Amino acid sequence: MLDITRIRQDPDIVKAALAGRAEDPGVIDRILAVDAQWRGILTQLEELRAERNRVSKEIGRMKDAAQREARAAEMRAVRDRISELENQVRQVEEEREALLLTVPNTPHPSAPVGPDEEHNVVVRVWGEELPNYDFEAIPHWDLGPELGIIDFERGVKLAGSRFYVLAGAGARLQRALIAWMLDVHVREHSYTEVYLPFVVKEEILLGAGQLPKFADNLYHDVEDDLWLVPTAEVPLTNLHRDEILDAAALPLRYVAYTACFRREKMSAGRDVRGIKRGHQFDKVEMYQFALPEASYDTLEEMLEHALTICRRLAIPYRVKELCTGDLGFGAAKSYDVELWAPGCGEWLEVSSVSNCEDFQGRRANVRYRPEPGARPQFVHTLNGSGLALPRVVAAILENYQQADGSVVVPAVLRPWMGGIEVIG
RNA sequence: GGAGGGAUGGCCGAGUGGACGAAGGCGGCGGUCUUGAAAACCGCUGUGACCAAGUGUCACCGGGGGUUCGAAUCCCUCUCCCUCCGCCA
């Protein structure tokens with residue numbers, strides 16, 4: 001959520017920033033109009049409340065019953081007027097809040113400007129020598145079933161399209177990746193591992209920015225009004241909801257494994273083959289609560305943490321800086337990390353690392369106190385996949401395949417694979 | 001799921017209709033004293049909002065609603081926590 005004070009003070013700057021996202025800047029004018037209305041009503045309301053408080057105290061001190069009743073009668077009218085104004089204020093406030101919740105974050109000035117993903121900028125490429133096979137690399141959706149480690153038919157039987165079953169060494173490989181990534185981030189990158197609920201309340205989705213705009217893409221349990229998490233970022237953002245953190249303790253670093261659930265309504269018909277885009281997938285997520293002055297250093301650092309994983313898997317990757325039109329709703333600046341998959345001939349997005357600045361901190365009310373006695377400020381939050389599992393599995397299968405159809409297990413994973421060196 | 005008991009400031013804990021944004025204690029910060037520290041004593045110590053920006057006003061005692069001139073206090077409701085029973089990985 002954007003700061004209403006900032007919108008009041010610099011509406012044109014905010015509008016210009018949103019224009020870069022191909023977002024309708026007219027919403028800012030509507031917010032300003034409702035805000036002005038809200039302030040007008042609030043001023044009247046508070047004046048009346050001040051009068052009521054003053055006179056009520058007088059009444060409490062009065063001895064004469066008739067005089068007392070006369071004043072009380074006057075105050076009954078004031079009370080009714082207050083009640084009317086309270087309803088109006090609440091209504092206008094809700095309207096303002098509802099509008100504010102739909103406005104995306106303003107991009108950082110360093111984000112490349114452009115309307116869509118065509119304008120993202122590749123900033124780094126690693127692994128110049130793409131694998132040069134003396135056989136034709138086949139895609140994971142053929143390789144997996146042949147090895148008996150990915151079962152699409154039975155996934156569909158159980159849960160419908162976009163679900164699959166991992167079996168044997170395939171399931172083991174995914175579990176090994178999760179355990180290994182968590183260990184690397186905990187031991188080498190100083191994150192604290194947390195295990196989180198996979199379902200959350202509506203207000204938690206609002207805090208992270210998935211609601212109210214993206215309800216279509218979420219699974220919702222109507223009976224208990226709980227939502228399946230689309231990413232661990234959602235509960236992590238709210239982990240310190242309504243808290244004032246100790247500035248000396250920042251940054252706080254968390255890493256969590258969760259399953260992620262997405263209805264993929266917006267991507268219907270896209271990426272239907274393979275395990276690239278399913279309704280359920282596993283992910284190891286990095287998250288940091290940072291001081292505002294440090295958050296852009298933190299962003300670079302988190303990107304490195306994700307790239308460390310890629311490099312140790314020895315799979316070629318590239319890093320893209322997202323342009324203003326392709327940034328996620330809450331992000332001010334993002335990098336995407338993609339692994340090369342020679343079988344399907346695609347770069348697979350395995351990580352997105354973002355600085356949301358104080359956008360989520362304000363929505364989830366996570367603050368810190370800069371100095372003892374100083375006013376609390378909103379923290380900056382950063383999230384980054386470290387990494388998203390199915391696509392890493394796909395990339396491993398396609399990069400490590402051999403002419404006989406078997407797949408070599410990457411050296412770093414063997415201790416987590418019970419020493420298995422080859423699948424097949 | 002059934003029965004009962006709770007929810008007050010960073011923490012503990014008073015407060016059953018009017019001078020209560022809230023006693024007291026602990027913790028924290030500052031000071032006096034001290035070579036230094038401790039002890040003792042003194043002072044300060046929640047969050048947010050609005051504007052006419054002031055020794056200003058308003059709101060907040062789990063959430064929401066109600067009664068009243070006036071609610072931490074009375075009523076309704078929801079959530080969460082605790083105890084006992086049932087069920088269960």
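Numbers restart at 1 for each chain; the letters A, B, ... are given by sequence-line order, proteins then strands. None of the values given here were measured: they were computed from a predicted structure.
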Engineer: Quick one: side chain to side chain donor-acceptor pair (under 3.5 Å) partners of A:Thr324, sequence neighbours excluded?
Structural biologist: none

Engineer: Among pairs that include at least one residue of residues 373-394 of chain A, which meet salt bridge (Lys or Arg N to Asp or Glu O under 4.0 Å), considering only residues two or more places apart or in two chains?
Structural biologist: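 For residues 373-394 of chain A: none.
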
Engineer: If you take any heavy atom closer than 4.0 Å to RNA chain B, which residues from residues 237-252 of chain A end up in contact?
Structural biologist: none

Engineer: I need the full list of side-chain hydrogen bond (donor to acceptor under 3.5 Å, both in side chains) pairs touching residues 97-113 of chain A, with sequence neighbours left out, sorted by first then second residue.
Structural biologist: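 Matches after skipping sequence neighbours: A:Arg6-A:Thr106, A:His108-A:Ser110, A:Ser110-A:Lys333.
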
Engineer: With both distances under 3.5 angstrom, what nucleotide forms a Watson-Crick or G-U wobble pair with B:G4?
Structural biologist: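 Base partner found: B:C82.
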
Engineer: What residues, two or more places apart in sequence or in another chain, satisfy ring-ring contact (aromatic ring centres under 6.0 Å, His included) together with A:Trp38?
Structural biologist: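 Checked A:Trp38 against ring-ring contact (aromatic ring centres under 6.0 Å, His included); zero matches.
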
Engineer: Any side-chain N or O of A:Arg375 less than 4.0 Å from the OP1 or OP2 oxygen of B:A49?
Structural biologist: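 True: A:Arg375 side-chain N/O within range (under 4.0 Å) of B:A49 OP1/OP2.
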
Engineer: Give none if B:A19 has no partner; otherwise give the nucleotide forming a Watson-Crick or G-U wobble pair with it, both distances under 3.5 Å.
Structural biologist: none

Engineer: What residues form a side chain to side chain donor-acceptor pair (under 3.5 Å) with A:Arg8, not counting sequence neighbours?
Structural biologist: A:Asp35

Engineer: For RNA chain B, find the residues of residues 85-102 of chain A with a heavy-atom distance under 4.0 Å and give them by number; none if there aren't any.
Structural biologist: A:Arg90

Engineer: Should A:Arg253 and A:Glu301 count as an ion pair when the cut-off is N to O under 4.0 Å?
Structural biologist: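 Counted as a salt bridge, because a side-chain N and a carboxylate O are separated by less than 4.0 Å.
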
Engineer: Name the one of A:Glu233, A:Gln360, A:His240, A:Glu357 that satisfies side-chain hydrogen bond (donor to acceptor under 3.5 Å, both in side chains) with A:Thr381?
Structural biologist: A:Gln360

Engineer: Look at the side-chain N and O atoms of A:Arg76 and state whether any lies under 4.0 Å from the OP1 or OP2 oxygen of B:C69.
Structural biologist: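 Answer yes for this pair, as a side-chain N or O of A:Arg76 is under 4.0 Å from OP1 or OP2.
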
Engineer: How about A:Phe329 and A:Phe359: are their ring centroids closer than 6.0 Å?
Structural biologist: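 Judged by ring-centre distance (under 6.0 Å), A:Phe329 and A:Phe359 do meet the cut-off.
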
Engineer: Nearest whole angstrom, please: distance from the C1' of B:A53 to the CZ of A:Arg39.
Structural biologist: 14 Å

Engineer: Are A:Asn53 and B:C58 close enough that a side-chain N or O sits under 4.0 Å from OP1 or OP2?
Structural biologist: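 Indeed, a polar side-chain atom of A:Asn53 lies that close.
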
Engineer: Taking N or O atoms only and anything under 3.5 Å, show me the protein contacts with nucleotides 7-9 of chain B, one pair per line.
Structural biologist:
none

Engineer: Counting just side-chain N and O atoms, does A:Arg49 come under 4.0 Å of either OP1 or OP2 of B:C69?
Structural biologist: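 No, outside the criterion.
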
Engineer: Taking only residues at least two apart or on different chains, which pairs with a member in residues 406-415 of chain A satisfy side-chain hydrogen bond (donor to acceptor under 3.5 Å, both in side chains)?
Structural biologist: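 Listed by first then second residue: A:Gln402-A:Ser406, A:Asp404-A:Ser406.
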
Engineer: For a quick check of understanding: with a heavy-atom distance under 4.0 Å over all strands, which category does A:Glu47 fall into, base, sugar-phosphate or nothing?
Structural biologist: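 Counting heavy atoms under 4.0 Å across all strands, the contact made by A:Glu47 includes a base.
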
Engineer: Between protein and nucleotides 86-89 of chain B, what N or O pairs are separated by less than 3.5 Å?
Structural biologist:
none

Engineer: Can you name the residues that form a salt bridge (charged side-chain N to carboxylate O under 4.0 Å, His left out) with A:Glu117, not counting sequence neighbours?
Structural biologist: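 Salt bridge (charged side-chain N to carboxylate O under 4.0 Å, His left out) check on A:Glu117 returns nothing, list empty.
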
Engineer: Any salt bridge between A:Glu93 and A:Arg90, counting N to O under 4.0 Å?
Structural biologist: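 Looking at A:Arg90 together with A:Glu93, the answer is no, because their closest N to O distance does not fall below 4.0 Å.
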
Engineer: Tell me: CD1 of A:Ile59 to P of B:U68, nearest whole Å?
Structural biologist: 14 Å

Engineer: Would you mind writing out the side-chain donor-acceptor pairs for residues 192-210 of chain A within the sub-3.5 Å range, not counting sequence neighbours?
Structural biologist:
none

